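Just below is one structure, and these are the notes that go with it.
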2 protein chains.
Amino acid sequence: MDAEHPLQLLVRNFELRCRLSPESRQALLDLPHSVQTMEAGSYLVREGEPPKKSVVPISGYACRQKITRAGTRQIIAIQIPGEAVDLQNLYLETADHNVQMLRRGTVALVPRDKLRELARSNSEIGEAIFAKTLVEAAIFREWVVNIGRRQAPQRIAHILCELGFRLKSMGLAKEYGYELPMTQEELGDAVGLTPVHVNRTLKLLVAEGLIERDKRSVSFPNWQKMRDAADFNERYLHPGIQAPIANF
Amino acid sequence: MDAEHPLQLLVRNFELRCRLSPESRQALLDLPHSVQTMEAGSYLVREGEPPKKSVVPISGYACRQKITRAGTRQIIAIQIPGEAVDLQNLYLETADHNVQMLRRGTVALVPRDKLRELARSNSEIGEAIFAKTLVEAAIFREWVVNIGRRQAPQRIAHILCELGFRLKSMGLAKEYGYELPMTQEELGDAVGLTPVHVNRTLKLLVAEGLIERDKRSVSFPNWQKMRDAADFNERYLHPGIQAPIANF
DNA sequence: CGTAGTGTTGAGTCAAGTCAATGGTTGTGG
DNA sequence: CCACAACCATTGACTTGACTCAACACTACG
């Protein structure tokens with residue numbers, strides 16, 4: 001696993017929904033890059049600054065977030081290993097949000113220019129990148145719906161489904177569940193609730209038999225029931241060719 | 001105005017932040033298209049269906065929306081004239097949300113394939129389209145923050161600022177305000193509140209001297225004060241070259 | 001093995017929702 | 001051009017989901 005090429009995860013991520021030719025795959029792996037360990041809470045991108053390097057988490061999770069003037073934080077997205085963080089800034093000059101490591105982990109750094117060059121010269125990769133950013137946008141949209149129109153229990157259930165589904169797609173989940181890398185405070189910041197209310201709501205979901213918890217790992221005793229209760233439909237994740245696999 | 005080429009607005013929209021060569025501009029105008037009148041509430045894109053035509057509102061506004069299983073609606077974005085609606089689906093096979101006309105209006109229809117072809121063959125246009133979808137994604141992110149972490153008065157103030165700013169950038173606003181094309185129910189669906197609460201909150205904003213209302217038009221007696229109260233910072237709109245203009 | 005960060009629980013408050021009635025606008029067809 | 005009908009805005013009274021404050025328990029890591 002550790003012996004693997006660090007950008008292999010990036011390739012796997014693109015290949016979730018686009019077929020890549022062997023040449024394109026190799027071109028991605030050939031991108032110049034360095035691997036670095038990052039502490040929990042360290043910033044990968046900072047609002048208001050120009051993004052210089054493109055970052056791909058290899059182990060550990062990152063989150064996109066913004067701080068309001070009132071000082072509250074909203075987490076806008078969770079980036080799992082293999083998901084390049086800066087595609088959202090690839091053609092913009094200034095970052096409009098922050099990206100932070102949730103826990104300690106390793107990341108691969110790729111020069112932004114090289115990635116842009118590759119996207120321009122290889123249209124298969126260019127379109128794969130475009131498609132990936134569109135799927136990210138679809139996730140942002142679903143979060144708007146989740147936070148705007150669902151009650152706390154559904155809201156938390158929904159994000160748990162999404163993370164599970166995405167991790168499973170990437171082969172990063174366990175058989176029935178997965179390691180949830182977030183504190184209850186962070187979870188609250190992701191769904192627009194307070195940590196106290198997250199705590200109570202998680203208890204409720206356990207009581208209703210929708211989830212099981214052990215430390216920071218979550219599992220779903222009955223995936224269909226959970227899916228239903230959460231109003232979760234994976235269509236917005238555009239799972240593509242490997243759709244039937246990702247199922248708990 | 002009516003004698004103008006219908007796709008002129010689309011060009012103007014791209015040129016807000018990308019310089020286009022005369023050739024690229026002409027290539028956009030040369031796209032095959034038809035103009036059509038659409039009734040209020042008619043669907044331009046439907047969740048679960050493949051998008052066939054790319055739609056550009058010419059007069060009138062459209063909105064992106066999703067319905068939860070509980071039957072509540074969340075509006076995810078407002079598309080103003082000149083903003084191509086289907087860029088979000090350009091490289092995806094199935095729409096994950098609905099797009100609807102808010103009021104009666106006219107739209108230009110462009111075959112999706114032709115637009116994709118042009119994006120591929122003309123990298124200036126390809127990157128302009130990519131950049132535009134990234135700005136849309138930035139707006140989705142800001143909406144997550146707005147709905148997740150701001151109180152009702154700020155939340156409504158913020159969306160009013162955003163719409164004003166965007167309309168002003170496109171030259172579609174009046175001197176001090178603009179025509180708000182939404183009912184209070186629609187506004188509520190956009191910010192995750194009930195129509196009753198929207199009504200009370202609008203009254204509050206008027207009482208505080210932040211906005212003035214006359215029928216469905218809104219104006220800002222003191223833009224700086226409004227901006228401040230709304231926690232509005234236009235950075236996420238990536239206003240680009242014409243930034244200083246857009247100011248109330 | 002102590003300390004700081006999390007998780008858990010209870011009691012009280014408040015922002016926003018619900019229900020319901022009334023009043024205004026707007027658009028359409030006679 | 002008027003009159004109706006449908007839709008939209010407004011207001012009041014009451015309810016509730018989520019927040020706040022505060023205390024205590026766990027647990028992980030140096």
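These figures come from a predicted structure and were not determined experimentally. First the proteins, then the strands, lettered A, B, ... as listed; each starts at 1. Heavy atoms only: backbone and side chains are in, while hydrogens, waters and symmetry mates are out.
Ion pairing of A:Arg103 with A:Glu39 is absent here, as no side-chain N (NZ or NE/NH1/NH2) approaches a carboxylate O to less than 4.0 Å. Taking 4.0 Å as the cut-off between side-chain N and carboxylate O, B:Glu185 and B:Arg73 do not count as a salt-bridged pair. With respect to B:Glu136 and A:Arg141, no salt bridge is recorded, no charged nitrogen being found less than 4.0 Å from a carboxylate O. Salt-bridge annotation for B:Glu234 and B:Arg227: present, with a side-chain N of the basic residue lying under 4.0 Å from a carboxylate O of the acidic one.
Between the NE2 atom of A:His197 and the P atom of C:dT9 there is a distance of 15 Å, rounded to whole Å. Note: CD1 (A:Ile147) to P (C:dA16) measures 15 Å, nearest angstrom. One atom, CD1 of B:Ile156, and another, C1' of C:dA16, lie 11 Å apart when rounded to the nearest Å. Note: CG (A:Leu204) to C1' (C:dT8) measures 15 Å, nearest angstrom. Nucleotide C:dT6 holds its P atom 11 Å from the CG atom of A:Leu102, rounded to whole Å. Atoms CG (A:Leu193) and P (D:dT20) sit 11 Å apart, rounded to a whole Å. Remark: P of C:dT8 and CG of A:Leu205 are 13 Å apart, rounded to the nearest angstrom.
Using a 4.0 Å heavy-atom criterion, one finds that A:Gly192 contacts the sugar-phosphate atoms exclusively.
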Using the 3.5 Å cut-off, write out each protein N or O paired with an N or O of nucleotides 6-15 of chain D and the distance between them.
unit_1, atom_1, unit_2, atom_2, d
D:dC8, O3', B:Arg216, NH2, 3.3
D:dA9, OP2, B:Gln184, N, 2.9
D:dT10, OP2, B:Gln184, NE2, 2.7
D:dT10, OP2, B:Asn199, ND2, 2.5
D:dT10, OP2, B:Arg213, NH1, 3.4
D:dT10, O5', B:Asn199, ND2, 3.1
D:dT11, OP2, B:Lys203, NZ, 2.7
D:dG12, N7, B:Arg200, NH1, 3.3
D:dG12, O6, B:Arg200, NH2, 3.3
D:dA13, N6, B:Arg200, NH2, 3.0

Could you pull out all donor-acceptor pairs under 3.5 Å where a side-chain atom in residues 44-56 of chain A meets a protein atom, sequence neighbours excluded?
unit_1, atom_1, unit_2, atom_2, d
A:Glu47, OE2, B:Arg235, NH2, 3.4

For this session: Quick one: do A:Trp223 and A:Phe220 satisfy ring-ring contact (aromatic ring centres under 6.0 Å, His included)? Show the steps, please.
Result: CA-CA 6 Å; A:Trp223 172 241; A:Phe220 309 125; 5.4 Å; yes
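Taking the side chain of B:Arg104 as heavy atoms from C-beta on, and the options C:dT28, D:dA28, D:dG30, the nearest nucleotide is C:dT28.
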